[in-house]
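To start, the structure itself, in structure tokens.
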Protein chains: 2
Amino acid sequence: MSDKVLSSSLEDYLECVYNRINQNGAVKAIEISKELNVSRASVTEALNKLAQKNYINYGRYEMISITDLGIEKAKEIINKHNVLQFFFENILGIEKNEAAKTACGIEHIITENILNKLSEFNDYCVKKTDFINLFKQGK
Amino acid sequence: MSDKVLSSSLEDYLECVYNRINQNGAVKAIEISKELNVSRASVTEALNKLAQKNYINYGRYEMISITDLGIEKAKEIINKHNVLQFFFENILGIEKNEAAKTACGIEHIITENILNKLSEFNDYCVKKTDFINLFKQGK
DNA sequence: TAAATTTGTTATGCAAGGCTAACATTTCGG
DNA sequence: CCGAAATGTTAGCCTTGCATAACAAATTTA
């Protein structure tokens, strides 16, 4: 059995696979290729690696499906993404696209521990509406 | 003239060079090697790249010095690092080492724009002491 | 100061992640 | 059902960043 650790790059591929399957019931390699701005060849390579690590089920010319392990991992990544994006967008007031793009980079780096704290902090800020409103007004 | 863009890895080398020169007036390759946990050979390679991009002055067996461009760039990176670490450590209440390590990863990703906003946010939180104290008490 | 140690460089190789081009397979439109 | 178009795969190559091993230079020390 091969190593279970995922690089940032493979996490991106897995996240994409998960989101597409969730939204459309299936994914095609070419969609991933377009979403991540990589060649079709690179997608094939990445999917083979994910399959080898048991995050997805995949074989030559076969449909792509996601394993339980893959779902679990994808959810973790997406949760990180959402917490980060929420903080940038709704606390700091960053424009959506920039918030999303940056969240995408950081989601592969941040620890579970910091993520949890940030998540609590987001919740806390939401409760204390005044605080954030005043910040946004530069007061 | 070669490309001026620095990879995360080269940013780490530059940051290390800058800090050491600031603290001790000079750097030796072997110190960088120890601080960044890489081989001496990798340091030589990285220093050559930084010199080629005009961030440092460097030649075979020569002293390492940093250019104005290098200083400017290093300050940017270190500022990012500090703002991030402050947020993790003093706002979220993360332990120093973890805060530093994560800041180190994110400093290469975050945009100037988000950095500025986060910096303002740090300042704002410092002013509103009560807010952060209550968060830390889980209220 | 000469030998030993430390530090720096070079040569070479490896893994990851990307690319293009050519080929294989599948899907779609007549 | 067949040919064209779309999609997927493979082969070969490139770049970055790292390593080790052997060699070169500098520094230390006996």
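Note on naming: letters A, B, ... go to the chains in the order of the sequence lines (proteins, then strands), and numbering restarts at 1 for each one. Note that this is a predicted model, so its numbers are computed, not measured.
Within the 3.5 Å criterion, the main-chain N or O of A/Asn54 finds a donor-acceptor partner in the side chain of A/Thr67. No side-chain donor-acceptor contact under 3.5 Å links B/Lys49 to the backbone of B/Leu10.
Across the protein-nucleic acid pair, B/Lys28 atom NZ and C/dT9 atom P stand 12 Å apart, rounded to whole Å. Atom pair B/Ile64:CD1 and C/dT7:C1' shows a separation of 11 Å (rounding to whole Å applied). In this entry the distance linking NE2 of A/His108 with P of C/dG17 reads 11 Å, nearest Å.
Contact between the side-chain N/O atoms of B/Ser39 and the OP1/OP2 oxygens of D/dT20 is not found at any separation under 4.0 Å.
Looking at heavy atoms from C-beta onward, B/Glu76 lies in side-chain contact with B/Glu112 at the 4.5 angstrom threshold. B/Ile66 has its side chain out of reach of B/Val27: every pair of non-hydrogen atoms, C-beta onward, lies at least 4.5 Å apart.
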Self-check item: Protein proximity profile, nucleotides 10-16 of chain D - base contact B, sugar-phosphate-only contact S, no contact -, cut-off 4.0 Å on heavy atoms
Solution: B------

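Ring geometry for A/Phe121 against B/Phe121 counts as perpendicular: the plane angle is over 60°, on a 0 to 90° scale with 30° as the lower cut.
Few gaps surround CG on B/Asn24; more than 12 heavy atoms of other groups in view lie less than 6.0 Å from it.
Of the candidates C/dG8, D/dG17, D/dC18, the closest approach to any side-chain atom of B/Tyr61 belongs to C/dG8.
Using a 4.0 Å heavy-atom criterion, one finds that B/Asn37 contacts the sugar-phosphate atoms exclusively.
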